[in-house]
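Predicted, not measured: the structure shown is a model, and the values here were computed from it.
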Amino acid sequence: MPESMEQRAGGKVPVMECFKAAWQFLDRNWRLLLLAAAITAALSQVGVVLTLLASPPVDQTQTMLSVTLWDLVAGAPALIAGLMFAAAVLRKAVRDEFLPPTGLAFGADELRLLGVTAALVCVFLPIAALLFVVVSFAVLSRLAATPEQLDALLADPDALADALQNTLGQGGVTAMLMFVAIGLVAIAYLSVRLTMVNAATIGERKMVIFQTWRWSAGNVLRMFAATILTALPVVFFEAILDAMRAGVLEGMTLEGAGGGATLVIINGATAFLLSIASIPTIALGAILYKGLRPQDFVAR
């Protein structure tokens, strides 16, 4: 792990050292976390199995921009499994603790992370909702008369670009892109300033959110660079896995028990590999937390 940032001139985050430390953590601990990743992947498929078994009716007015109550229910197991895995990684990275035999638990640490997640949703939701409302109602609703037509446009980038150009004009398209860019920059800025909240919550054994905000002062760009550098290999790996998954599933009939089992197995294998690949990005939060945490900090 890099030495404390406070020991460095100006307390600057060492981007390359953080990147190396995050991936070295994976190299040292991936075997220890294999079973945890496998269980996490299996739990993440509970929602898929429920969907296959329940066969919820499809709302014909639903578009790819809408979220149903069933989507939230089916996605809950994956969310909880992800929090449990993050807690296992952070316990090892922050406190050098591992709960045998798998590292996974559902106790105080996980409940705190769940509370932090809920708080962060409240932070990011207004920005995301504003982007959604402006883009979907002020822009996309003018492009198509029916949800089906809108889905067809969203599935065809060239047709969508032509429709935007014809409806909004060049000035309107530019203004929309600038608005979206500003919103994404705001989300990225908040994400970087709040990078350490999960690690701090595990380290302090209390829910810690905005108390970490000032720790990143003067280091936002460096932390952003470290985050991007650490995550890039994962992004490329995920893209390769998605392409392989699409190739395997292409042309296969997923109806019936056999098809459903195939889908669950392929999705589960992908989730397992991505869980392992996510370890460095989770560990980066711990590295930054341990390096930037003031020695006199007291969680409230």
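- Following chains of ILVMFWY side-chain contacts shorter than 4.5 Å, one cannot reach Phe132 starting from Leu125, and the two form parts of different hydrophobic clusters.
- The two residues Ala22 and Pro280 come nearest to each other via the heavy atoms CB-O, 3.4 Å.
- Two residues are said to be in side-chain contact when any heavy atoms from C-beta on lie closer than 4.5 Å; Ile279 and Asn29 fail this criterion.
- For the side chain to side chain contact (heavy atoms under 4.5 Å, CB included) test, residues two or more places apart in sequence or in another chain that qualify with Ala225 are Val15.
- Residues forming a side chain to side chain contact (heavy atoms under 4.5 Å, CB included) with Tyr189 (at least two apart in sequence, or on another chain): Arg193, Trp213, Val220.
- Looking only at distances, no side-chain donor or acceptor of Thr212 sits under 3.5 Å from a matching main-chain atom of Val208.
- In this structure, Lys290 contributes its side chain and Gly203 its backbone to no donor-acceptor pair below 3.5 Å.
- The closest side-chain heavy-atom distance from Ser191 to Ile187 is below 4.5 Å.
- Interatomic distance, CG of Leu284 versus CG of Leu229, reported as 9.5 Å (0.5 Å rounding).
- With Arg112 contributing its side chain and Arg205 its backbone, the two residues share a donor-acceptor pair below 3.5 Å.
- Looking only at side-chain heavy atoms (C-beta outward), Leu190 and Ile127 come within less than 4.5 Å of each other.
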Item to complete: Evaluate the criterion side-chain contact (heavy atoms from CB on, under 4.5 Å) for residue pair Phe210 and Val123; output intermediate values, then yes/no.
Response: CA-CA 11 Å; Phe210 295 109; Val123 172; 3.6 Å; yes
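- Remark: the backbone N or O of Val13 is paired with a side-chain donor or acceptor of Arg222 at under 3.5 angstrom.
- With sequence neighbours excluded, the residues that form a ring pair (Phe, Tyr, Trp, His ring centres under 6.0 Å) with Phe297 are Trp215.
- Residues Val49 and Ile265 fall into different hydrophobic clusters, defined by Ile, Leu, Val, Met, Phe, Trp and Tyr side chains chained together at heavy-atom separations under 4.5 Å.
- Under the 3.5 Å distance criterion, the side-chain polar atoms of Thr230 are left unmatched by any main-chain donor or acceptor of Thr227.
- Here the closest non-hydrogen pair linking Phe224 and Ala188 is CE1-CB, 4.5 Å.
- Residue Leu241 is grouped with residue Trp30 when hydrophobic side chains (ILVMFWY) are merged at heavy-atom distances under 4.5 angstrom, including chains of intermediate members.
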Discussion item. Does Met223 form a side-chain contact (heavy atoms from CB on, under 4.5 Å) with Met196? I'd like the steps, not just the answer.
Written reply: CA-CA 10 Å; Met223 290 171 63; Met196 297 173 280; 4.1 Å; yes
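- Using a 4.0 Å cut-off between charged nitrogen and carboxylate oxygen, Glu110 and Arg91 count as a salt-bridge pair.
- Under the 4.5 Å side-chain contact rule for hydrophobic residues, Leu130 and Phe124 share a cluster.
- With side-chain heavy atoms closer than 4.5 Å counting as contact, directly or through intermediates, the hydrophobic cluster containing Leu111 also holds Leu35, Ile39, Leu43, Ile80, Met84, Leu104, Phe106.
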Practice prompt. Tell me, with the steps shown, if Thr201 and Lys206 meet side-chain contact (heavy atoms from CB on, under 4.5 Å).
Written response: CA-CA 5 Å; Thr201 295; Lys206 289 185 179 181; over 6 Å; no
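- In this structure, the side chains of Val173 and Thr167 stay at 4.5 Å or more apart for every pair of heavy atoms.
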Discussion item. For Phe98 and Leu33: C-alpha separation, side-chain torsions, deciding distance, then whether side-chain contact (heavy atoms from CB on, under 4.5 Å) applies.
Written reply: CA-CA 9 Å; Phe98 181 81; Leu33 294 165; 4.2 Å; yes
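- Looking at every heavy atom in both residues, Gln45 comes nearest to Ala271 through NE2-CB, 4.2 Å.
- Contact of the Ile276 side chain with the Leu26 side chain is registered, since non-hydrogen atoms from C-beta on lie closer than 4.5 Å.
- A 4.5 Å side-chain heavy-atom check between Thr195 and Tyr289 finds every atom pair outside the cut-off.
- For the atom pair CG (Asn198) and CG (Leu120), the distance works out to 7.0 Å, reported to the nearest 0.5 Å.
- Listed by chain and number, the hydrophobic cluster partners of Val235 come to none, as no ILVMFWY side chain reaches under 4.5 Å of it.
- If you chain together ILVMFWY residues whose side-chain heavy atoms come under 4.5 Å of each other, Ile240 ends up grouped with Met244.
- Under the side chain to side chain contact (heavy atoms under 4.5 Å, CB included) criterion, Arg245 pairs with Leu249, Leu263, Ile266, Asn267, Thr270, not counting sequence neighbours.
- Among residues two or more places apart in sequence or in another chain, the salt bridge (Lys or Arg N to Asp or Glu O under 4.0 Å) test is passed with Asp96 by Lys92.
- Not a single salt bridge (Lys or Arg N to Asp or Glu O under 4.0 Å) links Glu238 to another residue, sequence neighbours left out.
- Connectivity analysis of hydrophobic side chains (ILVMFWY, heavy atoms under 4.5 Å, direct or indirect) links Leu99 to nothing; its cluster partners are none.
- From Cys18, atom SG reaches atom CG of Leu288 across 5.0 Å, with rounding to the nearest 0.5 Å.
- Note that CD of Gln211 and CZ of Arg293 are 10.5 Å apart. Values are rounded to the nearest 0.5 Å.
- Taking both residues in full, the closest heavy atoms of Val180 and Leu131 are given as CA-CD2, 4.0 Å, listed atom of the first, atom of the second, then distance.
- The cluster map of Ile, Leu, Val, Met, Phe, Trp and Tyr, joined by side-chain heavy atoms under 4.5 Å apart, puts Phe179 and Ile182 in different clusters.
- For Asp242, the side chain to side chain donor-acceptor pair (under 3.5 Å) criterion is met by no residue, not counting sequence neighbours.
- Of all heavy-atom pairs spanning Ala277 and Phe237, the tightest one is CB-CD2, 3.8 Å.
- Listed by chain and number, the residues in a side chain to side chain contact (heavy atoms under 4.5 Å, CB included) with Ser275 are Ala37, Thr40, Phe85 (sequence neighbours excluded).
- The distance from the CD atom of Gln24 to the CZ atom of Phe19 is 10.0 Å, given to the nearest 0.5 Å.
- A salt bridge between Lys20 and Asp27 is absent, with no side-chain N of the basic residue lying under 4.0 Å from a carboxylate O of the acidic one.
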